Asks: 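Next up is a structure, given as structure tokens.
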Amino acid sequence: MLHINTIEGQLSAKGLKIALVASRFNDIIVDRLIGGAVDYLSRHGLERENMTIVRIPGAFELPLVCQKLAQNGRYDGIVALGAVIRGATPHFDFVANEAAKGLAQVSLASGVPIGFGLLTTENIEQAVERAGSKAGNKGVDAAAAMLETIRVLEQL
């Protein structure tokens, strides 16, 4: 049998510095995402003094703020958290698309892993489901993906 070299990230946050960037818009949802991400990172060894939470107005501002944090070199990873809920106008599409595109561009350009915790839902019920009820907590998922990516990149 052939040996296949496999690189995987360990889920230890010890020694890291992490920024969480969270929108205030739809804060009843986003606060639950923050809680999930903070709990996850703490349980995986991140000390509270190595965590910074940056609150911003909305999802559209996520890429710019994440870019500034990625450029300053103080953080090993960033978790971007927000909730865009569809309304009666096309505003949802513009905000969701530009925020997602911008976060991907920031991560690629900077090399800093960004956990994508931006909910894009059709209604408030779907947002609640993804912020800690039956669909899990996407803040946890974003923190886990960011953490594993940091640890994979260390090995490449």
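Computed from a prediction, not measured in an experiment: that's the story for all the values here.
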Asks: Could you go through L119 and V84, starting from their C-alpha distance and side-chain angles, then the distance that decides it, and tell me whether this counts as side chain to side chain contact (heavy atoms under 4.5 Å, CB included)?
Replies: CA-CA 6 Å; L119 299 182; V84 183; over 6 Å; no

Asks: For residues V79 and A142, report the shortest heavy-atom separation together with the two atoms involved.
Replies: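 Minimum heavy-atom separation between V79 and A142: CG1-CB, 3.9 Å.
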
Asks: Heavy-atom distance under 4.5 Å between the side chains of V38 and I53, does that happen here?
Replies: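 Of all side-chain heavy-atom pairs linking I53 with V38, at least one is under 4.5 Å.
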
Asks: With sequence neighbours excluded, what pairs up with E129 under the side-chain contact (heavy atoms from CB on, under 4.5 Å) test?
Replies: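 S133, K134, A135.
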
Asks: For residues L41 and N50, determine if any side-chain heavy atom of one lies less than 4.5 Å from a side-chain heavy atom of the other.
Replies: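 No, every pair of side-chain atoms sits at 4.5 Å or beyond.
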
Asks: Do L81 and I124 belong to the same hydrophobic cluster, where Ile, Leu, Val, Met, Phe, Trp and Tyr are linked whenever their side-chain heavy atoms lie under 4.5 Å apart, directly or via other members?
Replies: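 Same hydrophobic cluster.
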
Asks: Can you tell me how far CD1 of I18 sits from CG of L20, rounded to the nearest 0.5 angstrom?
Replies: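 Going from CG on L20 over to CD1 on I18, the span is 8.0 Å.
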
Asks: Could you pull out the closest heavy-atom pair between A99 and L118, with the gap in Å?
Replies: CB-CD2, 3.6 Å

Asks: Using the rule that Ile, Leu, Val, Met, Phe, Trp and Tyr join whenever any side-chain heavy atoms are under 4.5 Å apart, tell me whether V30 and V54 fall into a single cluster.
Replies: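 The answer is no; the residues belong to distinct hydrophobic clusters.
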
Asks: Which residue pairs pass the salt bridge (charged side-chain N to carboxylate O under 4.0 Å, His left out) test with at least one member in residues 56-65, sequence neighbours excluded?
Replies: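 Residue pairs passing salt bridge (charged side-chain N to carboxylate O under 4.0 Å, His left out), neighbours aside: none found.
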
Asks: Can you confirm whether F25 is buried at CZ, in the sense that more than 12 heavy atoms of other residues, nucleotides or ligands lie under 6.0 Å from that atom?
Replies: no

Asks: Checking the side chain of E47 only, and the main-chain atoms of K14 only, is there a donor and an acceptor separated by less than 3.5 Å?
Replies: no

Asks: Would a distance-only check, ignoring hydrogens and angles, find a side-chain to backbone donor-acceptor pair under 3.5 Å from N137 to V140?
Replies: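 Here the side-chain-to-backbone pair exists.
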
Asks: Provide the closest heavy-atom pair for V21 versus C66 in the form atom of the first, atom of the second, distance.
Replies: CG2-SG, 3.9 Å

Asks: Rounded to the nearest 0.5 Å, how far apart are CD1 of I29 and CD1 of I34?
Replies: 12.0 Å

Asks: Mind checking what makes side-chain contact (heavy atoms from CB on, under 4.5 Å) contact with Y75, not counting sequence neighbours?
Replies: K17, A19, T52, L69, N72

Asks: Does L46 belong to the same Ile/Leu/Val/Met/Phe/Trp/Tyr cluster as L33, with side-chain heavy atoms less than 4.5 Å apart forming each link?
Replies: yes

Asks: Which heavy atom in A80 sits nearest to a heavy atom in I114, and how many Å separate them?
Replies: CB-CG2, 4.0 Å

Asks: Suppose we screen for side-chain contact (heavy atoms from CB on, under 4.5 Å). Which residues come up paired with K68, at least two apart in sequence or across chains?
Replies: none

Asks: Output yes when a side-chain donor or acceptor of N26 lies under 3.5 Å from a complementary backbone atom of G82, and no otherwise.
Replies: no

Asks: Just grab all the salt bridge (charged side-chain N to carboxylate O under 4.0 Å, His left out) pairs involving residues 71-88, residues at least two apart or on different chains.
Replies: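 Salt bridge (charged side-chain N to carboxylate O under 4.0 Å, His left out) check on residues 71-88 returns R86-D93, R86-E122.
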
Asks: Taking salt bridge (Lys or Arg N to Asp or Glu O under 4.0 Å) as the definition, give me every residue that meets it alongside D141, ordered by chain and number, with sequence neighbours left out.
Replies: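 By the salt bridge (Lys or Arg N to Asp or Glu O under 4.0 Å) rule, D141 matches K138.
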
Asks: Go through it in stages, so that I can follow the logic: the residues are L62 and V106, the test is side chain to side chain contact (heavy atoms under 4.5 Å, CB included), and I'd like the CA-CA distance, side-chain angles, deciding distance and then a yes or no.
Replies: CA-CA 10 Å; L62 284 168; V106 169; over 6 Å; no

Asks: Would you check if H44 and L147 make a side-chain contact, meaning some heavy-atom pair closer than 4.5 Å?
Replies: yes

Asks: Members other than F94 in its cluster, when Ile, Leu, Val, Met, Phe, Trp, Tyr link by side-chain heavy atoms under 4.5 Å?
Replies: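 Other cluster members: none.
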
Asks: Among the clusters formed by ILVMFWY side chains lying less than 4.5 Å apart, do I85 and F60 turn up in the same one?
Replies: no

Asks: To which residues is L153 joined in a hydrophobic cluster, defined by side-chain heavy-atom contacts under 4.5 Å among Ile, Leu, Val, Met, Phe, Trp and Tyr, whether direct or through other members?
Replies: I7, V152, L156

Asks: Could you walk me through whether N97 and V95 pass the side chain to side chain contact (heavy atoms under 4.5 Å, CB included) test, one step at a time?
Replies: CA-CA 6 Å; N97 289 336; V95 172; over 6 Å; no

Asks: Measure the CE-CG distance between M51 and L16 for me, rounded to the nearest 0.5 Å.
Replies: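 If we round to the nearest 0.5 Å, M51:CE and L16:CG are 10.5 Å apart.
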
Asks: Could you state the interatomic distance from CD (Q67) to CD1 (I78), rounded to the nearest 0.5 Å?
Replies: 10.0 Å

Asks: Does anything in residues 98-113 pair up under side chain to side chain donor-acceptor pair (under 3.5 Å), and if so which pairs, sequence neighbours excluded?
Replies: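 Of all non-adjacent pairs touching residues 98-113, those that pass side chain to side chain donor-acceptor pair (under 3.5 Å) are E98-K101.
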
Asks: Kindly write out the residues that satisfy side chain to side chain donor-acceptor pair (under 3.5 Å) with D31, not counting sequence neighbours, or none if the list is empty.
Replies: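 With neighbours one apart ignored, the set is R55.
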
Asks: Of all residues at least two apart in sequence or in a different chain, which pass the side chain to side chain donor-acceptor pair (under 3.5 Å) check with R151?
Replies: E154

Asks: Decide if atom CG of L11 counts as having more than 12 heavy atoms of other residues, nucleotides or ligands within a radius under 6.0 Å.
Replies: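 Yes, enclosed.
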
Asks: Is there side-chain contact between V128 and R32, with heavy atoms separated by less than 4.5 Å?
Replies: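 Yes, side chains in contact.
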
Asks: With sequence neighbours left out, write down each residue that passes side-chain contact (heavy atoms from CB on, under 4.5 Å) with R43, or none if nothing qualifies.
Replies: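 D39, Y40.
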
Asks: A59 and S23: which non-hydrogen atoms are nearest, and at how many Å?
Replies: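 Where A59 meets S23 most closely, the heavy atoms are N-CB, 3.8 Å.
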
